[in-house]
Structures are given as structure tokens and as C-alpha cells.
Engineer: 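This is the structure I want to talk about, given as C-alpha cells.
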Amino acid sequence: MANQNNHKNFTYAIIGSGALGGLYGGMLANAGFEVHFLLHRDFEHVQENGFQVESHWGDFHLPAASIADRIHASPETMPACDVTIIGLKTTNNHLLSTLLPAPTADGGVVLVLQNGLGIESDAAAVVNQIGNQSNEASRVLTGCCFLCSNKIAPGHIRHLDQGRIVFGDWQDCDGLQRSEESKKTSLDRPKSISPIAKQIEADFHAAGIEAQTTDDMLLTRWRKLLWNIPFNGLSVILNASSKELIDDEDAARLARLLMLEVQRGAAACGVTIPDEMIEKTLEVTRTMVPYDSSMRLDYLANRPMEIESLFWAPVHAAANAGCEMPMTRALALQLGFLQRR
Ligand SMILES: NC(=O)C1=CN([C@@H]2O[C@H](COP(=O)(O)OP(=O)(O)OC[C@H]3O[C@@H](n4cnc5c(N)ncnc54)[C@H](OP(=O)(O)O)[C@@H]3O)[C@@H](O)[C@H]2O)C=CC1
Ligand SMILES: CC(C)(CO)C(=O)C(=O)O
């Protein structure tokens, strides 16, 4: 592991170099960090043309020559890195056992930036098998990206709005519910942000990425679902962008009702989402650029949608805690139908 006093020393591997991984990995590389990108269908295009990033934080181009030895068509050519960022769709998590070992060898950590609930255990199960550390939880960090970004062409990312990463150590949200004990004491839970998380935060800031560490990733994950459940789900079922949904009286009411249900599901799991957060999220959506959620892009491109991690995982977590989420369940069932058709 790199010297933690020297903030430039961490090396980064990006597994899933698309709308999210390409943006944040690209920004780190553009700021001078050593970043290795695993590419998939875009490998040859990026090998010839580099990465093009349009961002409301500032456009940039990573020329092919500058990343020639840092783009990879297979994980086998990737060197062991200090931090492996997972930017795959969760529908591809079954690939992690093949994709993670090479870049995550030698005690590196994994930062899971995908959407959904309970998704970290896939990475943890793999990391646990790698290297010589016995406690896999300490090697898994997790974060939510409050981000509107799309991959619009091979190697071409368009970051339209927002972009903040809120992340922390995974053991803080181990399990999908707070224990009875931690429910009682959650207000004065001691802060437990590891030095590694702090150094990654500093690296992100140095690269111009808005980021903050938290000791409450369970709250952060439910907070993110507050947007994803209504807006990813309805964007597919009603075939509409975020703007079309929020500007329509009935669709906006439906989004609010879904948010209230997410708030109840979270509460059953010991997570308090304040009412103001619902209003703030609706307001942000009203003022944000029209956005096609990545789930809508997947649906339109006939790719698998993240129905399990975004819908079924919270429905089941809440049900296990005694709270039904019938509207979210109905969305999941409709999405399942559309997926199969
Ligand atoms: N986009 C956004 O603004 C946000 C996304 N998220 C979450 O981030 C995660 C990623 O989403 P997003 O970036 O939008 O998705 P993208 O589809 O844009 O990116 C996923 C990337 O994974 C790559 N990939 C697929 N299969 C493989 C493979 N076998 N080996 C290597 N790479 C592979 C894809 O490559 P290829 O295209 O060549 O197949 C693609 O570049 C999801 O969980 C999403 O919900 C969270 C917040 C915001
Ligand atoms: C950008 C957006 C709207 C979605 O990621 C967000 O910030 C949220 O979830 O509230």
C-alpha cells in the first residue's frame, strides 16, 4: 500500500469504464494519478482515440498516447493497484471473481460505486480470497454517486449534472438493517472513517471530484434509492426523462408517493430519512437538466436492467423488517416483464 502521507501515491484500477467509471477514472488520470482502465467493447476505439469527457465540471481529452499502457482489454494485464473502483452494472457482478483478482492483489482495497442495496457482498466475497489479509470488510469501501452521466459513444462520456460521491467503509453498513443495539445508539455512533478512505477522499478532491466520506453508508444507500426507485423505475415504465416525469403533475405525485414508501422501508431498517430530504430531492430533480437514467438507457439498448439491486433488494430488506413496499414491488414486477419482453 502506498505511503498514506503522500496523497499522490495511490494507484487506481477502474473496472467498468463507462458513464461513471470513465468519468471519475478519467478525472483522476487527467489530474496525474496512475489509473488503469479495464475496457470492454470500447478497447480498440480508446486505444486509437483516447477518452473524451464532456463535463459540467470542465471538458477534457485523455489522448491515446498518454494512456497507451494504462488501458487493458483483459484484467490479466492490469497491475495490482491500491484502489479498485467498481463501475460495472450490478447485473455483471457475477464477473467480479474474474475481473477483481489481478488489480486488487497485494492488499489493495475495492471501492464499490454502483447503485443499489446489499451489493458490496459480491466484491467482498472475491476480495476475501485475494492476498493475505484475513478481514475482508476492511478492504471494501462503498459509495453512492449523486451523478447524472451517460456514455454517449465509445470512449465518450457526457457528465450532465451533479456528481458528488459520498463513500465510507463497508463494515459500517454491514447487513441491510441496523442492529437493535445500533438503532439505539446510532445518534452518537463514534466516527469511524479509515485513513484509506480519507486518502481516497483527498485524491478525489485533488482531481476536482466532489466527494465526502461518511460513517453512515446505510443511510446514504437508502437516500440514493429515494431517487433511483421512482426515477429509474418510472423512466422505463413511463418511457420518460427525469424532466418529463417531474414536470408532469401525475408522474411527480407518483414519484413522491414512491419516495414516501422508500422512507417507510428505510425506517423499518432503522434508517431515518427526514421529510426535508424528500422535498430537496424533488426540487433537485426539478432544476436538474433533463436526464435519462442509466436504467432507461439499458432498457432502450436491450441490456439487462439493475432490477435486483435497485428494487428487489430494498423490497426484501424492508419486508424482513416487517414493512411491505407494494408500490416498489409493483415497479419491480413491471420492470421484470419489460425485461423479459
Ligand atoms: N451513470 C450515472 O450517472 C450513475 C450510475 N450509477 C451506477 O453506476 C454503475 C455503472 O453505471 P454506468 O456507468 O451508468 O453504466 P455504463 O453502462 O455506462 O458503464 C458500465 C461499464 O461496464 C463495462 N463492462 C460491461 N461488461 C464488462 C466486462 N465484461 N468487462 C469490463 N467492462 C465491462 C461496460 O463496457 P461496454 O459498454 O463496452 O460493454 C461499460 O463501460 C451502475 O450500478 C449504475 O446504477 C450510479 C450513479 C449515477
Ligand atoms: C443526481 C440525483 C438526482 C440522482 O443521482 C441525486 O442527486 C439524487 O439522488 O438525489
Engineer: So Met325 and Leu258, do their side chains get closer than 4.5 Å, heavy atoms only?
Structural biologist: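 Contact flag for Leu258/Met325 side chains = no.
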Engineer: Is the backbone of Trp170 close enough, under 3.5 Å, to the side chain of Glu120 for a donor and an acceptor to pair up by distance?
Structural biologist: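 The answer is no, because no donor-acceptor pair under 3.5 Å joins these two groups.
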Engineer: Is there a side-chain contact between Met217 and Leu141 in this structure, where contact means two heavy atoms from C-beta onward sitting under 4.5 Å apart?
Structural biologist: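 Of all side-chain heavy-atom pairs linking Leu141 with Met217, none is under 4.5 Å.
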Engineer: Can you tell me how far CZ of Arg264 sits from SG of Cys269, rounded to the nearest 0.5 angstrom?
Structural biologist: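 Going from SG on Cys269 over to CZ on Arg264, the span is 13.5 Å.
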Engineer: CD1/Ile85 to NE2/His36 distance, rounded to the nearest 0.5 angstrom?
Structural biologist: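 The distance works out to 13.0 Å.
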Engineer: Is the backbone N or O of Val289 less than 3.5 Å from a side-chain atom of Asp161, with the two atoms forming a donor-acceptor pair by type?
Structural biologist: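 Here the side-chain-to-backbone pair exists.
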Engineer: Do Thr91 and Ile307 come close enough that some side-chain heavy atom pair is under 4.5 Å?
Structural biologist: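 Sidechains of Ile307 and Thr91: no contact.
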Engineer: Passes side chain to side chain contact (heavy atoms under 4.5 Å, CB included), Gln114 versus Leu88? Steps please.
Structural biologist: CA-CA 7 Å; Gln114 301 157 297; Leu88 288 173; 4.0 Å; yes
Engineer: Please identify each residue that fulfils side-chain contact (heavy atoms from CB on, under 4.5 Å) with Asp248, with sequence neighbours left out.
Structural biologist: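 Asp248: side-chain contact (heavy atoms from CB on, under 4.5 Å) contacts with Asp250, Ala251.
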Engineer: Ignoring hydrogens and geometry, is there a side-chain-to-backbone donor-acceptor pair from Thr214 to Gly168 under 3.5 Å?
Structural biologist: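 Side chain of Thr214 to backbone of Gly168: no pair is present.
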Engineer: Under 4.5 Å between any side-chain heavy atoms of Met277 and Met259, yes or no?
Structural biologist: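 When only atoms from C-beta onward are counted, Met259 and Met277 do not touch, as no gap falls below 4.5 Å.
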Engineer: Among side-chain atoms of Arg158 and Ser55, is any donor-acceptor pair under 3.5 angstrom?
Structural biologist: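 No pair is found: no donor N or O on one side chain lies under 3.5 Å from an acceptor on the other.
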Engineer: Could you report the tightest heavy-atom contact between Ile15 and Met78, atom names first, then the distance?
Structural biologist: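 Shortest heavy-atom separation between Ile15 and Met78 comes out as CD1-SD, 4.1 Å.
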Engineer: The test is side chain to side chain contact (heavy atoms under 4.5 Å, CB included); show your working for Asn115 and Thr90 and say whether it passes.
Structural biologist: CA-CA 8 Å; Asn115 273 327; Thr90 51; over 6 Å; no
Engineer: Do you see a donor-acceptor pair shorter than 3.5 Å between the side chains of Arg296 and Asn239?
Structural biologist: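 On atom types as modelled, these side chains qualify, holding a pair under 3.5 Å.
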Engineer: Test your reading of the model: is there a side-chain donor-acceptor pair from Arg139 to the backbone of Thr104, 3.5 Å cut-off?
Structural biologist: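 Yes, Arg139 side chain to Thr104 backbone: donor-acceptor pair under 3.5 Å.
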Engineer: Examine distances only and state if a side-chain atom of Glu48 and a backbone atom of His45 form a donor-acceptor pair shorter than 3.5 Å.
Structural biologist: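 Between the backbone of His45 and the side chain of Glu48 there is no qualifying donor-acceptor contact (under 3.5 Å).
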Engineer: Search all heavy atoms of Gly233 against all heavy atoms of Leu331 and return the closest pair with its distance.
Structural biologist: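 Reported closest heavy-atom pair: CA-CD1, 4.4 Å.
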Engineer: Start with the C-alpha gap between Gln52 and Asp59, add the side-chain angles, then the distance that decides, and say whether side chain to side chain donor-acceptor pair (under 3.5 Å) holds.
Structural biologist: CA-CA 8 Å; Gln52 189 64 44; Asp59 299 347; over 6 Å; no
Engineer: Just by modelled atom types, is the Cys145 backbone N or O under 3.5 Å from a matching donor or acceptor in the Lys224 side chain?
Structural biologist: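 Yes.
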Engineer: Please lay out, stage by stage, how Glu283 and Arg286 fare under the test salt bridge (Lys or Arg N to Asp or Glu O under 4.0 Å).
Structural biologist: CA-CA 5 Å; Glu283 189 49 36; Arg286 238 172 247 123; 2.8 Å; yes
Engineer: Answer whether the closest heavy-atom distance between the side chains of Met327 and Leu257 falls below 4.5 Å.
Structural biologist: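 Yes - at least one pair of side-chain heavy atoms lies under 4.5 Å apart.
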Engineer: Could you tell me whether Asn302 atom CG has more than 12 heavy atoms of other residues or ligands within 6.0 Å of it?
Structural biologist: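 Atom CG in Asn302 is not packed in, count stays at 12 or less.
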Engineer: Heavy atoms, side chains only, cut-off 4.5 Å: are Gln47 and Ile71 in contact?
Structural biologist: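 Heavy-atom side-chain distance check passes, below 4.5 Å.
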Engineer: Can you tell me how the ring of Phe10 sits relative to the ring of Tyr12, calling it parallel under 30°, perpendicular over 60° and tilted otherwise?
Structural biologist: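 Plane angle over 60°, so perpendicular.
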Engineer: Distance check, rounded to the nearest 0.5 Å: Thr11 atom OG1 versus Asp82 atom CG?
Structural biologist: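 So the gap between those two atoms works out to 4.0 Å.
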Engineer: Identify the heavy atoms of Leu117 and Ala317 that sit nearest to each other, and give their distance.
Structural biologist: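 That closest heavy-atom pairing would be CD2-CB, 4.0 Å.
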Engineer: Answer yes or no: is there a side-chain heavy-atom contact under 4.5 Å between Ile152 and Glu54?
Structural biologist: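 In contact.
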Engineer: Count the heavy atoms of every other residue, nucleotide or ligand shown that sit under 6.0 Å from CD of Glu44, and state whether that count exceeds 12.
Structural biologist: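 Count not over threshold, so no.
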Engineer: Could you tell me whether a side-chain N or O of Tyr24 sits under 3.5 Å from a main-chain N or O of Gly163, the two making a donor and an acceptor?
Structural biologist: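 Flag set: sc Tyr24 to bb Gly163 pair under 3.5 Å.
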Engineer: Do any pairs count as a side chain to side chain donor-acceptor pair (under 3.5 Å) and have a residue in residues 324-334, sequence neighbours left out, and if so which ones?
Structural biologist: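 Non-adjacent pairs meeting side chain to side chain donor-acceptor pair (under 3.5 Å): Glu261-Thr328, Glu324-Arg329.
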Engineer: Taking all non-hydrogen atoms of both residues into account, name the closest pair between Thr84 and Pro103 and its distance.
Structural biologist: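 Between these two residues, the closest heavy atoms are OG1-O, 3.6 Å.
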Engineer: Quick one: CE on Met295 to CG on Asn232, what's the gap to the nearest 0.5 Å?
Structural biologist: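 If I round to the nearest 0.5 Å, the distance is 5.5 Å.
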Engineer: Let me see the working for Phe60 and Phe51 under ring pair (Phe, Tyr, Trp, His ring centres under 6.0 Å), right down to the final yes or no.
Structural biologist: CA-CA 8 Å; Phe60 62 92; Phe51 270 111; 9.0 Å; no
Engineer: For the atom pair CG (Asn150) and CG (Leu147), what is the distance rounded to the nearest 0.5 Å?
Structural biologist: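 It is 9.0 Å, given to the nearest 0.5 Å.
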Engineer: Cut-off 3.5 Å, side chains only: do Ser194 and Asp169 have a donor facing an acceptor?
Structural biologist: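 Asp169 and Ser194 do have a side-chain donor-acceptor pair below 3.5 Å.
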Engineer: Can you tell me if Asp216 uses its side chain to pair, donor with acceptor, with the backbone of Leu219 under 3.5 Å?
Structural biologist: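 A pair under 3.5 Å: yes.
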Engineer: Mind running side chain to side chain contact (heavy atoms under 4.5 Å, CB included) on Ile67 and Val46 for me, showing each step along the way?
Structural biologist: CA-CA 9 Å; Ile67 49 171; Val46 174; 4.0 Å; yes
Engineer: Would Asn30 and Leu62 satisfy side chain to side chain contact (heavy atoms under 4.5 Å, CB included), going step by step from the backbone distance to the final call?
Structural biologist: CA-CA 7 Å; Asn30 197 40; Leu62 291 179; 3.9 Å; yes
Engineer: I need the minimum non-hydrogen distance between Thr213 and Ile193, along with the two atoms involved.
Structural biologist: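 Minimum heavy-atom contact is OG1-CD1, 3.6 Å.
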Engineer: Return the minimal non-hydrogen interatomic distance between Ser242 and Met288, and the atom names on each side.
Structural biologist: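 Heavy atoms of Ser242 and Met288 come nearest at OG-CE, 3.8 Å.
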Engineer: Please check: side-chain N/O of Asn93 versus main-chain N/O of Asp122, any donor-acceptor pairing under 3.5 Å?
Structural biologist: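 No, Asn93 side chain to Asp122 backbone: no donor-acceptor pair under 3.5 Å.
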Engineer: Please confirm whether the ring centroid of Phe231 lies under 6.0 Å from the ring centroid of Tyr291.
Structural biologist: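 No: the rings miss the under 6.0 Å criterion.
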Engineer: Indicate, with yes or no, if the rings of Phe204 and Phe167 have centres closer together than 6.0 Å.
Structural biologist: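 They qualify: ring centres under 6.0 Å apart.
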Engineer: Please round to the nearest 0.5 Å and tell me the distance separating atom CG of Asn9 and atom CD of Glu34.
Structural biologist: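 Those atoms lie 10.5 Å apart.
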Engineer: Just so I know, are the side chains of His61 and Ser66 near enough to count as touching, which here means a heavy-atom distance under 4.5 Å?
Structural biologist: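 Side-chain contact under 4.5 Å: no.
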Engineer: Verify the cluster assignment for Leu297 and Ile237: are they in a single hydrophobic cluster under the rule of side-chain heavy atoms below 4.5 Å apart?
Structural biologist: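 Unlinked, Leu297 and Ile237 end up in two clusters.
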Engineer: Name the orientation class of the two ring planes belonging to Trp57 and His159 (parallel below 30°, tilted from 30 to 60°, perpendicular beyond 60°).
Structural biologist: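 Perpendicular.
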